[in-house]
Amino acid sequence: MAAKKACESFSKSLIEEVHRWGCLKQTGVSLRYMMEFGSKPVNKNLLISAQFLHKELAIRIARRAIELENLPYGLSQKPAILKVRDWYLDSFRDLRAFPDIKNMNDEREFTEMIKAIKVRHNNVVPTMALGVQQLKKGMDPKIVYEDLVEIHQFLDRFYMSRIGIRMLIGQHVELHNPNPPPFVVGYIHTKMSPVEVAMNASEDARSICCREYGSAPDVQIYGDPDFTFPYVPAHLHLMVFELVKNSLRAVQERFMDSDKVAPPIRIIVADGIEDVTIKVSDEGGGIPRSGLPKIFTYLYSTAKNPLDEHSDLGIGENVTMAGYGYGLPISRLYARYFGGDLQMISMEGYGTDAYLHLSRLGDSQEPLP
């Protein structure tokens with residue numbers, strides 16, 4: 001009941017305002033625009049950025065709050081979902097209560113406030129996962145996952161929107177860094193080496209594999225380490241880490257009791273005109289074709305309760321994604337956020353190839369669910 005009461009603590013007028021703002025049009029931003037705009041973080045640009053976010057974040061957050069009220073199968077009433085809805089309503093109220101941004105003093109205060117909003121939403125992904133688990137517990141186990149298509153589509157929209165909100169806030173906050181490293185514009189690295197990011201992500205995944213199994217297969221990376229293009233290294237790290245971790249686990253489990261040496265994971269980085277493609281190949285036994293559609297769903301993890309972990313799944317320490325099977329669908333959203341994609345091809349009895357396509361041009365607008 002506690003969560004229910006919390007919801008009632010929001011005034012009727014606030015809820016009406018949320019519905020008004022939720023009808024306004026969102027404005028997408030491209031990677032290229034963020035990069036060009038942020039390359040000159042002069043006061044005038046910071047002010048324009050803050051004024052844009054003051055309105056844009058309110059619209060995006062209002063839309064999510066409304067969606068959280070109207071979920072199928074009674075999901076909206078689950079305690080964990082009510083908690084997430086309260087975070088969104090609190091953030092909307094903070095944004096609307098903030099006066100118009102007229103000078104750099106206002107801008108600094110606004111930046112502190114959106115920083116706090118980002119922290120408030122740190123645990124949204126595991127909390128939503130908990131809500132879905134609460135729903136599954138009470139559901140007839142005979143319900144097949146095709147029936148839950150609405151929930152999958154909602155979670156795709158919800159998490160995609162969250163990636164966008166966190167990117168916009170993080171980008172604005174980072175532009176205040178007085179001494180950015182060379183070639184870094186907020187969250188974006190204008191000369192990011194995909195081979196280097198893949199090496200770091202692979203090492204992180206191997207160290208987790210070693211911790212869990214006592215050893216880890218090798219990872220071999222093919223590609224030009226000097227090739228660079230503009231992208232968000234934290235997003236790429238998260239995606240490659242997830243793919244390599246899955247491959248390591250599959251190979252490790254397949255060869256654990258075998259006399260044969262575990263075959264390496266191979267990563268190939270190719271630079272095309274439109275796309276940079278990263279292929280992660282393993283010989284971990286593959287996935288049956290009937291199981292392939294399920295690997296991008298949110299409702300199939302047998303893993304432990306996600307909220308045993310307390311970490312920010314937005315950016316940075318993504319180790320807990322091992323915990324509850326959200327890694328692949330969320331990685332695919334990160335790829336699609338800047339116009340790329342993630343595809344899996346499997347040979348049952350042999351292994352799996354993951355193709356991570358990243359758009360090289362940086363022109364595509366954010367997808368705005």
Side-chain angles (χ1 to χ4, degrees), residues 123 125-126 129-130 133 194-223 225 233-269 278-288 291-292 294-298 300-332 334 342 344-356:
N123 276 327
V125 177
L130 188 65
Q133 279 183 0
V195 168
E196 194 183 314
V197 174
M199 282 163 67
N200 294 334
S202 300
E203 277 314 301
D204 288 356
R206 285 188 81 246
S207 66
I208 283 186
C209 185
C210 286
R211 205 167 65 208
E212 248 173 68
Y213 297 102
S215 66
D218 282 342
V219 178
Q220 297 171 352
I221 301 178
Y222 303 89
H235 288 190
L236 182 59
H237 187 286
L238 178 149
M239 295 184 278
V240 175
F241 170 80
E242 188 56 38
L243 296 172
V244 172
K245 186 182 68 169
N246 289 348
S247 288
L248 290 170
R249 193 162 55 213
V251 170
Q252 197 66 20
E253 296 199 345
R254 188 181 187 202
F255 287 87
M256 209 152 37
D257 304 320
S258 154
D259 303 335
K260 296 185 182 131
V261 176
I265 314 297
R266 290 188 175 81
I267 300 179
I268 299 168
V269 178
I278 297 174
K279 179 168 86 162
V280 178
S281 298
D282 69 57
E283 294 173 39
I287 300 158
L292 268 177
K294 293 184 182 168
I295 63 176
F296 285 111
T297 63
Y298 297 98
Y300 283 86
S301 180
T302 50
K304 57 190 179 300
N305 182 327
L307 279 181
D308 301 339
E309 328 269 5
H310 292 288
S311 112
D312 170 9
L313 289 170
I315 255 173
E317 305 299 314
N318 305 297
V319 173
T320 58
M321 283 174 87
Y324 49 98
Y326 276 28
L328 281 176
I330 286 187
S331 295
R332 183 165 70 174
Y334 273 99
L342 171 61
M344 310 290 285
I345 308 284
S346 191
M347 290 172 73
E348 192 186 3
Y350 181 75
T352 304
D353 288 350
Y355 289 85
L356 177 59

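With rounding to the nearest 0.5 angstrom, the SG atom of Cys209 is 13.0 Å from the CG atom of Asp204. The distance from the NZ atom of Lys245 to the CD1 atom of Ile208 is 7.0 Å, given to the nearest 0.5 Å. In this structure, the separation between CD1 on Ile287 and CG on Asn246 is 8.5 Å, given to the nearest 0.5 Å. Here Thr297 contributes atom OG1 and Leu328 contributes atom CG; the two are 9.5 Å apart, rounded to the nearest 0.5 Å. Interatomic distance, Arg254 CZ to Tyr350 OH, rounded to the nearest 0.5 Å: 8.5 Å. Distance check, rounded to the nearest 0.5 Å: OH of Tyr213 to CZ of Arg249 gives 6.0 Å.
Within a 6.0 Å radius of CE in Met347, no more than 12 heavy atoms belonging to other residues, nucleotides or ligands are found. The neighbour count for Met199 CE, taken as heavy atoms of other residues, nucleotides or ligands under 6.0 Å away, does not exceed 12.
Residues Pro225 and Gly223 share a closest heavy-atom pair of CD-O, 3.2 Å. Counting all heavy atoms, side chain and backbone alike, Tyr326 lies closest to Val125 at CD2-CG1, 3.9 Å.
Not a single side chain to side chain donor-acceptor pair (under 3.5 Å) links Glu203 to another residue, sequence neighbours left out. For Ser247, the side chain to side chain contact (heavy atoms under 4.5 Å, CB included) test picks out Ile265, Val280, Asp282, with sequence neighbours left out. Listed by chain and number, the residues in a salt bridge (Lys or Arg N to Asp or Glu O under 4.0 Å) with Arg206 are Asp218 (sequence neighbours excluded).
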| task | Given side-chain contact (heavy atoms from CB on, under 4.5 Å), test Phe296 with Leu342 step by step and report yes or no. | result | CA-CA 10 Å; Phe296 285 111; Leu342 171 61; 4.0 Å; yes

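Within the 3.5 Å criterion, the main-chain N or O of Lys279 finds no donor-acceptor partner in the side chain of Arg266.
Of the residues listed (Ile278, Val195, Leu243), the one engaging Ile267 in a side-chain contact (heavy atoms from CB on, under 4.5 Å) is Ile278, and it is the only one.
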